[in-house]
Amino acid sequence: MTGRVAEYEPRQIEAKWQKVWEEQDAFDAKDCDSSRPKYYLLEMLPYPSGTLHMGHMRNYTIGDAVARYKRMRGFNVLHPMGWDAFGLPAENAAIKNQTHPREWTNANIAEFRRVLRRFGFSYDWRREISTCDPGYYRWNQWFFLRMLEKGIAYRKKSKVNWCPQCETVLANEQVIDGFCWRHEDTQVESKELEQWFWRITQYADKLLDDMKTLAGGWPERVLAMQRNWIGKSRGTRIRFEVAQMDGMSFEVFTTRVDTIYGASALVLSPGHPQVNQLLDGVPGRAWMEGQLKTLRQKSTKVADVATAEKEGFFTGRFAVNPFSGENLPIWVANFVLAEYGTGALMAVPAHDERDYEFAEKYQLPVKMVIQPAHAAPLRADQFSEAYTEYGRVVNSGPYNGLTSEEAIARMTADAQSKGFGFGETTFRLKDWGISRQRYWGTPIPVIYCDKDGIVAVPDDQLPVRLPEEVKLTGQGKSPLASDPQFVNTTCPKCGGPARRETDTMDTFVDSSWYFYRYTDPHNEKAPFDKEIVKYWFTIDQYVGGITHAILHLLYSRFFCKVMRDLGLVQHDEPIARLFTQGMVQKGGVAMSKSRGNVVGAVEMAEKYGADTGRVYTLFAAPPEKDLEWSEEAIEGSSRFLNKVYRLVAKHAERLREMPFDSSKQTDMATASAKEKILVRRTHQTLKRVTNDFETRWHFNTSVSSLMELLNEIQAQEPLDVDVSPLIVKRALCAFVLMLSPMAPHIAEELWEMLGQSGGLSKEKWPEYREDLTKEEQIEIPVQINGRLRGKVLVSDGISDDETTELALKDARIAALLDGKQVVKTVVVPKKLVNIVMR
RNA sequence: GCCCGGGUGGCGGAAUGGCAUACGCGGGGGACUUAAAAUCCCUUGCCCUCACGGGCGUGCGGGUUCGAAUCCCGCCCCGGGCACCA
């Protein structure tokens, strides 16, 4: 045919088209364009540290394939990128390298940006944001002030993790099994500090309820994790008076008030604030103090707490069961959490596993008050474990015979009317502590004045800038406190001397609303324009890792609800659909710098080309599954693109001038056999790939469909005999268009080689035609008793009876059926025949 | 303990009630080449058989069905999340 064919040079092609895209602003999204449907596609913004590896790239490749597909489908696509630029690693790196966190961060951002461009992701770069810019974080401060006005932001003393070696507060993530991450032999202490909190608990119910609207769009396991985290629990609060101590009482929270007649003790947490008062004047007090101290000092390691043996002591005091009037001994025990419920509980050994275990050890009575509703009754002498199911209430005075549900309702109502209790809902979720004693974050915009107390920084003084010249030592308290120029200020109210807040905000604040800023990134008067947000929101599709299933995604939902209450947005949920992609692993574990198993994105792109990297990450596994990186398997994707390039290059010359109109299709009545194959295979592939993009995103099968189509086209060689050039051109153009979301650079190059102009970013996705996917003749399997015994060729419109007849006539089938009785035949049209014989 | 995933060739995976192992990697054989690389062709689940052919086979055991990797019941194993939450 033609002479020597040029070789596929990914580096050259990729640079060429990236430049073209940039010059054409090919991926700019147009605000408030009502002529097209909008599509907001978002990938989680990276923390710019270390190197971008293939784990990042997988996330962006999945997103980019969808973004490009949606554009071809006629959507106005918003596909932005930015940097989660505040955070501890920058500060630590700065201390280590004697640089400024901003320098370190900016260098990383520059590198990340370069690598993302090297992969040709179709971002609207005009909208790039960086959370460490004062132009961004001033809006963190602005939101903080609005929350302060609303009472959502408040200050209280709270326990923090404190390392006595570092002399600083540690984030929960920096506490490893109760020890400091930098001092493996130093136990982290608990210390009380004044901290700023955001009242996320005020939205607990809403956060839980609104998850109903996310069902279907969010992975069930993410919803399950959030549900678990919020931890809603409905129950009853009951007050127990202490016998012979006037006015002293304890409240307990229980979800099973129906078991209260079976209570055999009242148990307090060692951390309960009233323990000391209770022990006043009790004989043996000194011994008890010792016991208390031991219980309180027990390891706080998570693993230990869960498996620790139950221990406790009897206080010598008694509480009165308000339902039965019975006196219950008051105990203090390690298994009662101070932070949950009321820090006290009623122990019902017969119907709670933990209480049973405790009662066994300390010989407390086990009183059965619930019997199974449908199974055989429990017998006291055969009781070996707690019965925790609902059932029918017994031995409970006036409540006997009720079901658990009825008893809970009745007893809660009675407690309320008699004044010793009420129905209550508790949550595991706690308010969000946002104070960090760190430098590299958003300064909290508050001033402390001796005269006026806590004073908000006025809006017109925002942003409160991070001072650039601060000495970072990693020691002591908040770094900002060591900068007198920053700390000392004047009170906005009285003008007198005052001090600035020296803590900064948790970096999760930055990422809780960043996706709103993309819609209007340069606005200096507001965090964003309401109308523009209204146009773009909600986010149609969010793509990111499962690691953020709780914190980031819960905080973002909370922020949205606060913003709605502030009148800034009108929607209840910011993200309609969430896709969590699997990790990229090497040697069975996630890629990470510390493990030294990182495959750098740049190295990968230089060796094989960005398109090959993209195709491989899509092909190697379905996107939600973890993917084991294989240097050998990537060769397959490289070979595939090389083959595609050679095929198109071989035929491009003679097809270049051929006019091509994708809306016109071949007349199958006059087509040759080869032409029919080309047309049908093309439309079959179009159908499969379109389905993959529209439904479950299994791009691995999209790539394999294209590989099969490529093989089919090659099998029809020579393509200049018995095939009209127009049909070859249509097949190749459809191929290139289908490839373009996944391997955009080579697709652009081939498109140009085929004589098509204007670039692919303006092209439409090719529609398949159902009738053109149909084969004239189909080979279907013939089974006897469900076992494959032969095959017959049937034509498209054949009836079931005709199919059966054909199958029975098949020589091999006939031989097997000889002398046997056919009981029944099953025909699945165009799929299969099954003959049941005896 | 509870909740969510998952278990298919040597490997990544395909098939979601209808031909198990598509596509790719790896392996074996061949063509081209002085040679190598690249490329192309053939082959590749296990067992029996010279062969034709047959049997087995989707973690295990049952069930439903003309037909099960797929649906149902009961287990086992692996991964992840939560975990003394009253």
Side-chain angles (χ1 to χ4, degrees), chain A residues 7 219-229 231-233 235-236 252-257 259 267 269 302-310 333-337 339-348 351-355 357-358 388 426-429 546-547 549-550 580 582-583 588 615-616 619-622 624-640 642-643 646 696 698 700-711 714 779-791 812 823-837:
Chain A
E7 280 300 301
E220 177 49 39
R221 63 173 170 156
V222 173
L223 296 176
M225 281 158 88
Q226 292 212 356
R227 215 176 284 126
N228 209 334
W229 186 265
K232 180 173 179 167
S233 159
T236 313
V252 306
F253 172 76
T254 176
T255 56
R256 293 296 304 272
V257 71
T259 66
V267 192
S269 161
V302 177
D304 288 354
V305 169
T307 57
E309 200 182 328
K310 294 184 175 30
N334 62 345
F335 72 99
V336 183
L337 304 172
E339 312 83 44
Y340 184 78
T342 59
L345 57 81
M346 60 177 202
V348 184
H351 305 294
D352 182 282
E353 281 171 29
R354 296 151 300 175
D355 298 347
E357 194 188 328
F358 189 67
T388 59
T426 61
F427 293 92
R428 206 193 81 110
L429 183 71
I546 186 77
T547 36
I550 299 172
T580 51
M583 284 183 304
V615 167
Y616 173 69
F619 177 61
E624 72 277 7
K625 277 188 75 168
D626 289 346
L627 180 160
E628 174 68 24
W629 187 263
S630 161
E631 279 295 322
E632 285 167 341
I634 196 171
E635 299 279 359
S637 301
S638 180
R639 279 201 273 270
F640 166 60
N642 270 290
K643 278 191 224 176
R646 282 196 301 270
R696 47 177 206 169
H698 276 200
N700 54 327
T701 55
S702 308
V703 176
S704 70
S705 300
L706 287 172
M707 286 172 168
E708 285 178 89
L709 179 58
L710 175 71
N711 291 341
Q714 280 181 324
E779 192 187 51
I780 62 167
V782 181
Q783 298 181 335
I784 294 177
N785 292 344
R787 304 191 64 103
L788 179 68
R789 286 294 183 257
K791 288 183 181 179
R812 197 169 147 221
V823 181
K824 175 182 183 182
T825 56
V826 180
V827 178
V828 185
K830 288 185 277 177
K831 277 271 171 74
L832 158 141
V833 182
N834 188 17
I835 300 161
V836 186
M837 72 169 198

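Side chains included, hydrogens not; waters and symmetry mates left out as well; all remaining heavy atoms used. The chains referred to below are lettered A, B, ... by the order of the sequence lines, with proteins before strands, and numbering in each begins at 1.
- For the P atoms, the distance from B/G28 to B/C73 is 47 Å, rounded to whole Å.
- Here A/D626 lies in heavy-atom contact (under 4.0 Å) with sugar-phosphate atoms only.
- Across all strands shown, B/A69 forms no Watson-Crick or G-U wobble pair with both distances under 3.5 Å.
- At B/G79, none of the side-chain N or O atoms of A/R221 fall inside 4.0 Å of OP1 or OP2 (strictly under the cut-off).
- Listed for the A/N642 side chain is no donor-acceptor partner under 3.5 Å among the backbone atoms of A/S637.
- Residue A/K625 contributes atom NZ, which lies 14 Å from atom P of B/G5 at whole-angstrom precision.
- Of the side-chain N and O atoms in A/R227, none sit less than 4.0 angstrom from OP1 or OP2 of B/G81.
- In this structure, A/K310 forms no cation-pi arrangement with A/F358, as its terminal cationic atom is not both closer than 6.0 Å to the ring centre and no more than 45° off the ring axis.
- Using atom C1' as the reference point in both B/G81 and B/C75, the two lie 23 Å apart (nearest Å).
- Taking atom P in both B/C60 and B/U70, the straight-line distance is 11 Å, to the nearest Å.
- Among the protein residues, A/V836 comes within range of the sugar-phosphate backbone only, with heavy atoms under 4.0 Å from sugar or phosphate atoms but none that close to a base.
- Only the P atoms considered, B/G24 is 15 Å distant from B/A14, to the nearest whole Å.
- Among the nucleotides B/C40, B/A86, B/G12, the one closest to the side chain of A/F253 is B/A86.
- Base pairing of B/C56: its partner is B/G45, meeting the Watson-Crick or G-U wobble criterion (both donor-acceptor distances under 3.5 Å).
- Taking the P atoms as reference points, B/A35 lies 49 Å from B/G57, given to the whole Å.
- The distance from atom CZ of A/R256 to atom CG of A/D355, rounded to the nearest 0.5 Å, is 11.5 Å.
- Listed nucleotides: B/C84, B/G81, B/C66. Nearest to the side chain of A/R354: B/C84.
- Of all nucleotides present, only B/C4 satisfies the Watson-Crick or G-U wobble test against B/G79, with each distance under 3.5 Å.
- Between A/T426 and B/C85 there is no side-chain N or O to OP1 or OP2 distance below 4.0 Å.
- Considering only the side chain of A/S233, B/A86 comes nearest among B/A86, B/C40, B/G67.
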Summarise how protein sits on nucleotides 19-27 of chain B as a single string, 5' to 3': B when a protein heavy atom is under 4.0 Å from the base, S for sugar-phosphate-only contact, - for no contact. B--BBSSS-
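- Contact annotation for A/P622: backbone-only contact, meaning every heavy-atom pair under 4.0 Å involves sugar-phosphate atoms and none involves a base.
- Within 4.0 Å (heavy atoms only), A/V336 reaches at least one base atom of the nucleic acid.
- Rounded to a whole angstrom, the distance from the P atom of B/G5 to that of B/C41 is 43 Å.
- Pairing partner, B/U39: B/A31, with both Watson-Crick or wobble hydrogen-bond distances short of 3.5 Å.
- For the pair A/R354 (side chain) and A/F335 (backbone), a donor-acceptor distance under 3.5 Å is absent.
- For B/C66, the base has a donor-acceptor partner in the side chain of A/N834 [N/O atoms by modelled type, under 3.5 angstrom].
- The base-pairing partner of B/G10, taking Watson-Crick or G-U wobble contacts with both distances under 3.5 Å, is B/C25.
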Start with the C-alpha gap between A/K830 and A/E779, add the side-chain angles, then the distance that decides, and say whether salt bridge (charged side-chain N to carboxylate O under 4.0 Å, His left out) holds. CA-CA 8 Å; A/K830 288 185 277 177; A/E779 192 187 51; over 6 Å; no
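- Between A/R812 and the phosphate of B/G54, there is a side-chain N or O to OP1/OP2 separation shorter than 4.0 Å.
- In the set B/U39, B/G54, B/C85, B/C85 carries the atom at the smallest distance from any side-chain atom of A/Y340.
- Comparing the P positions of B/C46 and B/A36 gives an interatomic distance of 29 Å, to the nearest angstrom.
- Between the C1' atoms of B/A83 and B/C3, the separation comes to 11 Å (whole Å).
- When each of A/E220 and A/L345 is assigned the nucleotide of RNA chain B bearing its nearest heavy atom, the one mapping closer to the 5' terminus is A/E220.
- Side-chain nitrogen and oxygen atoms of A/R787 include at least one within less than 4.0 Å of the OP1 or OP2 phosphate oxygen of B/C56.
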